Amino acid sequence: VRPEGGRPAPLTPMTLPGDPRTNLAGDGSKRVTDLVAGVTQVVDRATLVQINASLSRVSGYQSDPYKVVSVVSPETGAPQAQLFESRPDAREKRILYGRLKRDFTPGIVDLSYRYMSDDWGIVSHTFDLRYRRDLAGERWLEPHLRFYRQGEADFYRRWLVQGDPLPEFASADHRLGAFDAWTAGLEYGCPVGEGQRLNARVEYYWQVGDRHPAGAPGELAGL
């Protein structure tokens, strides 16, 4: 990881371009090890079941060098400084995944569920449903619906309060926060020549989170 300007030291103030700042030594490397074990079973002529279990371990530089955390006034909530985020240098994720495919001619149902937990305190659930409907002329239509729910990391902070001691780790990256997300989509496919086909897909994605956090100081309470 080689960000422009070097890797910023954790929880140090973001400065204007050209101003000196403290950078970390080293090349920002990290090591990722993934182990996956899976079984796919043919239940009958129309049904497939798949179960996967995986373990992922990451060690090394994992902070986002372009993410900052605001330090806000305890009275007004106005930002007083911007600090570069700080994340732990180790992470372990445990994932369990199950999938069912069933042929209901002239359509196929594809349903899956994924559970993930890690030692950062994040737990997530993912439900994914697709239904491919065969049409005349080797064409098909496939609606898609996905729901995702995630809890926040132990060190997730929407802001830091001026005057409080700095924590060891802090990140305001919304991807580490608690939220629900929905995806709805539709895919259309058709043949366009010998051995060729055309796929067109449109999807809409939206998130729902904690819009008015309890205890927000000053003007932040209304955002």
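Computed from a prediction, not measured in an experiment: that's the story for all the values here.
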Indicate, with yes or no, if [Y] and [X] share a hydrophobic cluster defined by side-chain heavy-atom contacts under 4.5 Å among Ile, Leu, Val, Met, Phe, Trp and Tyr.
{"X": "W206", "Y": "F127", "value": "yes"}
{"X": "V68", "Y": "Y66", "value": "no"}
{"X": "Y113", "Y": "V123", "value": "yes"}
{"X": "V49", "Y": "V36", "value": "no"}
{"X": "L176", "Y": "F169", "value": "yes"}

Check whether any side-chain heavy atom of [X] lies under 4.5 Å from a side-chain heavy atom of [Y], and answer yes or no.
{"X": "W159", "Y": "L220", "answer": "yes"}
{"X": "R158", "Y": "E152", "answer": "yes"}
{"X": "R91", "Y": "P88", "answer": "no"}
{"X": "R87", "Y": "Y61", "answer": "no"}
{"X": "V71", "Y": "L83", "answer": "yes"}
{"X": "L55", "Y": "K93", "answer": "no"}
{"X": "Y131", "Y": "L129", "answer": "no"}
{"X": "F147", "Y": "L145", "answer": "no"}

* To do: If a pair satisfies salt bridge (Lys or Arg N to Asp or Glu O under 4.0 Å) and one of its residues is in residues 37-54, list it, with sequence neighbours excluded.
  =>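 Applying salt bridge (Lys or Arg N to Asp or Glu O under 4.0 Å) to every pair that reaches into residues 37-54, excluding sequence neighbours, yields D44-R102.
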* **Residues K67 and E85 bridged, charged N to O under 4.0 Å** =>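 Salt bridge flag = no for E85 with K67.
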* Asked: Is any NZ, NE, NH1 or NH2 atom of the basic residue among D64 and R175 found under 4.0 Å from an Asp or Glu carboxylate oxygen of the other?
  ->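 Answer for the salt bridge query: yes.
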Calculate, to the nearest 0.5 Å, the distance between atoms [atom1] and [atom2] belonging to [X] and [Y] respectively.
{"X": "I122", "Y": "S124", "atom1": "CD1", "atom2": "OG", "result": "8.0 Å"}
{"X": "D134", "Y": "W140", "atom1": "CG", "atom2": "CH2", "result": "9.0 Å"}
{"X": "T183", "Y": "D128", "atom1": "OG1", "atom2": "CG", "result": "8.0 Å"}
{"X": "D103", "Y": "L48", "atom1": "CG", "atom2": "CG", "result": "10.0 Å"}
{"X": "Y156", "Y": "H174", "atom1": "OH", "atom2": "NE2", "result": "8.5 Å"}
{"X": "S54", "Y": "D34", "atom1": "OG", "atom2": "CG", "result": "7.0 Å"}

* Which is it for E187 and H144 under the side-chain hydrogen bond (donor to acceptor under 3.5 Å, both in side chains) test, yes or no, and what are the steps along the way? -> CA-CA 8 Å; E187 179 175 327; H144 175 216; over 6 Å; no
* side-chain hydrogen bond (donor to acceptor under 3.5 Å, both in side chains) assessment of D180 paired with Q207 -> CA-CA 6 Å; D180 293 345; Q207 288 185 5; over 6 Å; no
* Steps toward side-chain hydrogen bond (donor to acceptor under 3.5 Å, both in side chains) verdict (E203, Y205) -> CA-CA 7 Å; E203 289 191 328; Y205 174 85; over 6 Å; no
* To do: Assign the ring pair F155 / W120 to parallel, tilted or perpendicular, where the plane angle (0 to 90°) is split at 30° and 60°.
  =>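 Plane angle over 60°, so perpendicular.
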* Asked: Got more than 12 heavy atoms from elsewhere within 6.0 Å of CZ, R57?
  ->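 Counting other residues, nucleotides and ligands, CZ of R57 stays at 12 neighbours or fewer.
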* Asked: Do other residues, nucleotides or ligands put more than 12 heavy atoms under 6.0 Å from the CZ atom of R201?
  ->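 At most 12 heavy atoms, drawn from other residues, nucleotides or ligands, come within 6.0 Å of this atom.
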Do [X] side-chain atoms and [Y] backbone N/O form a donor-acceptor pair below 3.5 Å?
{"X": "E138", "Y": "A136", "answer": "no"}
{"X": "T76", "Y": "S73", "answer": "no"}
{"X": "T40", "Y": "I51", "answer": "no"}
{"X": "S63", "Y": "P65", "answer": "no"}
{"X": "S70", "Y": "V72", "answer": "no"}

Considering non-hydrogen atoms only, spot the tightest contact between [X] and [Y] and give its length.
{"X": "P167", "Y": "L11", "result": "O-CD1, 3.0 Å"}
{"X": "S56", "Y": "V32", "result": "OG-CG1, 4.5 Å"}
{"X": "Y115", "Y": "H125", "result": "CD1-CE1, 3.5 Å"}
{"X": "N52", "Y": "V39", "result": "OD1-N, 4.0 Å"}
{"X": "L96", "Y": "A53", "result": "CD1-CB, 4.3 Å"}
{"X": "P13", "Y": "F84", "result": "O-CE1, 3.9 Å"}

* So R132 and D110, salt bridge (Lys or Arg N to Asp or Glu O under 4.0 Å) or not? Walk me through it. -> CA-CA 8 Å; R132 172 166 164 159; D110 189 343; over 6 Å; no
* **Residue list, salt bridge (Lys or Arg N to Asp or Glu O under 4.0 Å) with D119, at least two apart or on another chain** =>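 Residues passing salt bridge (Lys or Arg N to Asp or Glu O under 4.0 Å) with D119: none at all.
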